[in-house]
Structures are given as structure tokens and as C-alpha cells.
Amino acid sequence: MDEKKKHPALILMFGATGDLAKRKLYPALYQLYKKNDNFAVIGLARRPHTNLSFRELVGHSLSTEEAQIGAFLERFYYQSLDIEKPESFLALKELSDKLDVRYDLGGNRIFYLSLAPRFFAPAAQNIKKSGLTETSGWKHLIIEKPFGHDLTSAAALNDQLLQVFDEKEIYRIDHYLGKEMIQNIEALRFANPIFESVWNHRHISNVQITSSEMIGVGERASYYDQTGALLDMVQNHIMQMVALTAMEPPSRFDTEDIRDEKVKVFKSIRPISGHDIVNQVVKGQYIGGILPDGTEVRSYRNEENIKAESTTETYVAARFYIDNYRWSGVPFYIRTGKRMAAKSTQIVIQFKDIPQNPYFYHFEAVMPNLLVIHVQPDEGLSLKLNVKNFDQADSTIPISMNFCNNSKDANYNSDAYERLLSDCLKGDSTNFTRWDEVAYSWSLMDSIVAAWKEEHVPLDFYEAGSMGPSSADRLLARDGFHWWPLSETDPPIRA
Ligand code: NAP
């Protein structure tokens with residue numbers, strides 16, 4: 001074995017011919033290979049492939065002609081397998097054992113389930129029955145989203161997985177946790193006393209988390225119509241951003257302590273009960289409209305494979321309160337949707353206004369200080385401050401101090417999947433979700449879904465190319481706030 005190679009493991013890639021594998025996982029593995037991670041991959045799916053034709057498929061998913069690509073592709077093997085036919089797992093054990101020896105992988109195995117959710121449990125059961133988990137090294141299961149569709153189904157899935165893997169061996173992917181600026185929240189908060197000392201209800205008036213997309217439902221239409229924005233985006237990505245923004249500093253920066261602190265946030269979120277729902281959650285669906293680039297797009301109900309009378313929400317906005325000492329009375333507003341005016345994920349921390357004293361200074365029009373964490377597409381931070389207006393002694397103008405992370409290396413920024421795969425190879429599950437985080441988040445979503453059903457919350461329509469229905473503006477206006485327009489939160493400037 002090459003002396004420099006590290007983190008040996010055999011990766012059993014279920015769903016190896018699928019969209020996620022081609023678009024994200026193979027490019028991520030290539031980057032890890034270049035960083036000298038020592039793995040071999042067995043691609044698994046039903047359609048027939050030879051090792052050679054599978055290597056071609058993997059090669060086509062990479063946008064590179066670098067010299068190393070041949071050596072990288074040689075580590076890919078293929079076996080046709082149907083999850084629903086346990087007998088097709090038998091030959092897999094033999095091939096796995098052989099590759100283990102050939103590449104000196106120490107018996108370490110990653111089972112990556114890049115499959116439709118209905119296959120997660122049967123895949124795990126068949127992995128066990130075929131003896132693949134009986135290995136001399138470690139075994140990790142990476143499981144894609146969605147992890148259930150409510151608390152009951154998630155708990156049932158979890159129970160089935162626990163028959164094969166321990167909790168510490170289960171790596172539930174939330175790819176937002178692999179994003180650079182999401183990982184940066186901890187450093188920003190806990191390595192900068194100037195922020196941590198004001199990170200509470202005394203100084204922060206509200207927090208706004210936006211994750212907007214310009215795309216519609218595309219090829220995911222049938223899945224999306226049964227799921228909606230609440231379960232597709234809020235249950236996982238948005239709730240994780242809430243938890244990281246709100247959590248207490250862990251006593252130690254290790255995996256379980258960090259996860260414990262996130263769980264405490266979930267436990268402290270005020271449940272949204274029946275009659276409150278109308279004032280707390282907005283449900284929207286897009287109608288036709290024009291995107292900022294001039295493209296005219298049709299309504300959700302006119303999309304292919306969407307029912308004409310569908311009431312599935314393509315937009316959600318909500319207000320959460322975290323009932324603990326730090327966040328008492330501070331609203332956390334979240335919104336996410338499709339066919340919105342911009343693709344943007346950002347967290348805006350709005351600080352409290354200066355004291356209102358007319359004799360103090362002519363500061364009537366002072367903008368609040370904002371700290372903006374730009375998650376995507378731009379990655380960085382901006383801090384909005386006020387300075388004296390250069391021409392007028394008695395008024396201020398807002399300025400912005402920016403840090404742009406993704407302009408540092410224009411050629412390559414590591415991707416979320418690369419970071420998460422790398423963590424899994426190293427056995428670090430900090431940036432994967434633990435079962436109790438998932439369970440608390442589902443329980444909150446379940447209460448919203450139940451309240452939606454009981455209270456007949458109206459479905460508010462919004463034009464494609466807008467930032468959502470006007471009811472979402474009223475959600476904040478009732479508290480004396482407004483959504484910060486993306487134009488005012490200044491994405492950092494690319495170099
Ligand atoms: P996909 O394109 O539909 O791929 C599904 C894969 O599963 C294919 O390789 C398919 O190959 C294989 N498969 C289907 N039935 C099988 C069976 N009975 N036995 C063995 N293999 C079978 O799906 P995807 O978009 O890659 O998504 C995979 C997972 O990632 C899903 O859980 C999804 O929710 C999640 N995810 C995807 C994305 C994304 O951007 N695509 C993003 C986030 C999460 P054969 O037809 O040859 O069997």
C-alpha cells in the first residue's frame with residue numbers, strides 16, 4: 001500500500017447509478033482520493049454494468065481530465081443488486097472480502113444508502129443477513145434524507161436500523177451540516193467574545209433564517225407533492241440552522257456534547273399548538289410569474305406530475321420562540337420556498353435598536369446592526385454598522401464589513417459531501433444528526449402538520465419570482481419587524 005494513504009475503508013455505494021451519486025458523491029470521492037484517502041468502492045444498483053462501464057459512468061460524472069483519474073477509477077467495482085432480493089447480497093460479501101485484502105482496508109466498511117427511503121430498512125436488514133457487517137474493522141452506515149415522514153415512521157425506521165447498527169455507527173446526512181458557513185457558526189460564536197457576549201435576548205431583537213430557491217420542483221415533482229416545504233426543508237436543514245445559532249457553548253467541543261446542546265434547543269422550542277398556528281406559521285404555494293432573469297414560469301399546480309388541485313405547500317414561514325434564559329422573547333423567523341426571487345440561504349441576526357432619546361443625537365433613521373451569515377451561494381459574513389455621514393455631522397449612514405469565503409480560492413471550494421464523507425471515513429459524526437435531534441424536530445413538525453389539519457390554515461398563493469406571500473410579511477409586521485431584503489443584507493463581494 002502507498003505509505004501516504006490514510007483512512008482505509010471499503011465504500012458500498014447503494015444507488016450507485018442515481019442522480020446523487022453522479023452529481024455529488026463521485027466528485028467528492030475524487031477530491032478525497034487526491035487527498036490520499038485510501039478507499040475502494042463497490043457500486044450497487046439493479047441495472048447491469050461491467051466494472052468497465054461503471055468506471056466510465058463514474059468518470060463522466062467528474063469534470064476533470066487530471067492524470068490521477070485512471071488510478072482513481074480503477075478502485076471502482078460494480079455489482080448488480082436488487083435490495084428486494086436478499087440472495088443478490090450473497091456475492092457481495094465475497095467481493096467485499098477480496099477488495100478488503102487487495103487494498104489493505106482493515107475491514108472498515110461504509111454502507112452508503114443513496115436510495116429511495118423505502119429501501120433504507122430492507123437494505124440494512126439484508127446487509128446484516130449477508131454477513132457484511134461481520135468485519136474486523138469498523139462499520140458505518142450513511143443514510144440519506146428523508147429520515148421518515150413523521151415521528152412514528154422515523155422511529156420505526158430507527159428501530160430497524162438499530163437491529164443492525166449501533167447509534168454511533170449511524171451517520172444521518174443533513175448536507176447543510178457539511179456547508180462551510182454552517183460549520184463556521186460555532187467558530188464565529190465561540191471564538192469571538194465580542195459576539196458571544198451579546199448573543200442573547202438583551203442585545204438581539206430577532207433572528208431571520210431564509211433558504212430560498214429559484215428552481216421549481218423539476219424531476220422531484222411526485223416526491224415533493226407528497227412532502228412539501230415543511231418536511232423537505234424545515235424539519236432538517238432549517239431546524240439545524242436554528243439549533244446551531246441558538247445553542248449554548250458546549251463544555252467540550254466533542255461530538256456528543258455539541259449534539260446535547262442542540263437537543264436542548266429543540267427541547268426549549270415552544271410547541272405550536274392548535275389555535276396559535278394561524279399567527280405562527282404561513283403556508284404558501286406559487287402561482288405563475290416571472291423570475292428575475294425574465295423567464296416566465298408556470299404555477300405549481302400546472303407543473304408536470306403535480307395534481308391540479310394540490311394543496312402542498314411550496315413555501316413556509318414560521319415564528320419560533322426558544323423558551324430558555326438566553327432567548328427569552330426573541331422571535332426566530334424562518335422561511336423557505338421554491339420559485340422565489342433569489343437563490344439564497346442566510347441567517348440574519350438583528351441587534352436591538354439604540355435607546356430612543358430625541359435629545360441625544362439625530363439618530364432617527366439609524367439602521368439596526370445586522371450580522372449576516374451567508375451560507376449559499378455566497379459564503380461569508382457581513383456586519384452592518386453605522387458611521388457618521390461623511391458630509392453631515394448629525395446623521396449616520398450604514399456601512400458593511402464583509403468577509404467572503406468563496407472568493408479565496410476561485411478554482412476549488414470543497415463541497416459539503418466531501419467534508420461529510422471525509423468525516424465519516426475518520427469516524428467523526430459531529431456533523432451528522434443524532435436520533436434524538438431528529439425525533440425532537442419531527443415532533444415539532446408533527447404538531448404543525450396536525451394544527452394545519454385541524455385549523456384549516458389557508459394556503460396563501462405567491463407569484464413565482466417574489467419572496468413569498470404577503471401573509472409572511474404580516475407575520476413579522478405584527479411584532480414590529482420586517483424581513484430584511486436580500487439587497488440590504490449585502491452578500492459579500494467576490495474577489
Ligand atoms: P435516483 O436518481 O432515483 O437513484 C436511485 C438509485 O437507486 C439508482 O441507482 C437506482 O438504480 C437504485 N435503485 C432503485 N431501486 C433499486 C432496487 N430495488 N435495488 C437496488 N437499487 C435500486 O435517486 P437520487 O436522486 O440519487 O436519491 C438517492 C437518495 O438521496 C434519496 O434518498 C434522496 O432523497 C436523497 N437525496 C438526493 C438528492 C439529489 O440531489 N439527488 C439530494 C438530497 C437527498 P437502478 O434503477 O439501476 O436499480
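Counting convention: from 1, in listed order, for ligands and their atoms alike.
Considering only non-hydrogen protein atoms, atom 16 (C) of ligand 1 sits nearest to R46 NE, 3.5 Å. Shortest contact from atom 36 (N) of ligand 1 to any protein heavy atom: E144 OE1, 3.7 Å.
Each of the atoms 8 (C), 9 (O), 10 (C), 11 (O), 45 (P), 47 (O) of ligand 1 lies under 4.0 Å from some heavy atom of T17. Counting the atoms of ligand 1 from 1 in the order shown, those under 4.0 Å from a heavy atom of A45 are 9 (O), 11 (O), 21 (N), 45 (P), 47 (O), 48 (O). Counting atoms of ligand 1 from 1 in the listed order, those under 4.0 Å from a heavy atom of A16 are 9 (O). Heavy-atom contacts of D82 reach the following atoms of ligand 1: 17 (C), 18 (N), 19 (N) (cutoff under 4.0 Å). Taking every non-hydrogen atom of F120 and a distance limit under 4.0 Å, the qualifying atoms of ligand 1 come out as 32 (O). Listed by number with element, the atoms of ligand 1 under 4.0 Å from a non-hydrogen atom of I83 are 17 (C), 18 (N), 19 (N), 20 (C). Those atoms of ligand 1 with a heavy atom of R23 less than 4.0 angstrom away are 39 (C), 40 (O), 41 (N). Less than 4.0 angstrom separates some heavy atom of L81 from each of these atoms of ligand 1: 19 (N), 20 (C).
One option in R47, R118, K22, K24 has a heavy atom closer to atom 45 (P) of ligand 1 than any other, and that option is R47. Heavy-atom proximity to atom 7 (O) of ligand 1, evaluated over P146, P48, G15, is greatest for G15.
Between the side chains of Y30 and E418, not a single donor N or O lies within less than 3.5 Å of an accepting N or O. With no hydrogens or angles considered, a side-chain donor-acceptor pair links N158 and R172 at under 3.5 Å. No side-chain donor from either of K128 and Q163 sits under 3.5 Å from a side-chain acceptor of the other. Using modelled atom types, one finds no donor on one side chain facing an acceptor on the other under 3.5 Å when comparing S212 with T210. Between the side chains of E303 and Y286, at least one donor-acceptor pair of N or O atoms lies under 3.5 Å.
Tested against T489, the residues H374, Q346, Q208 include a single side-chain hydrogen bond (donor to acceptor under 3.5 Å, both in side chains) partner, Q346.
Within the 4.5 Å cutoff, no side-chain heavy atoms of T433 are placed close to those of F147.
Taking distance alone, with nitrogen or oxygen atoms compared against 3.5 Å, G18 approaches ligand 1 more closely than that limit. Looking at ligand 1, you won't find any N or O of P117 less than 3.5 Å from one of its N or O atoms. Considering both main-chain and side-chain atoms, Y417 never comes within under 3.5 Å of ligand 1 through any nitrogen or oxygen pair. Of the N or O atoms in L115, one or more lie within a sub-3.5 Å distance of an N or O in ligand 1.
Distance CG/D100 to CG/L95: 11.0 Å, rounded to 0.5 Å.
Crowding of F120 atom CZ: a count of heavy atoms from other residues, nucleotides or ligands under 6.0 Å exceeding 12.
The protein reaches atom 30 (O) of ligand 1 closely, with a heavy atom under 4.0 angstrom from it.
With a 4.0 Å heavy-atom cut-off, ligand 1 is reached by the side chain of F119 but not by its N, CA, C or O.
Remark: R55 is positioned above the aromatic ring of Y77, its terminal NZ or CZ atom under 6.0 angstrom from the ring centre and at most 45 degrees off the axis.
No salt bridge links K168 with D166; every basic N to acidic carboxylate O contact stays at or beyond 4.0 Å.
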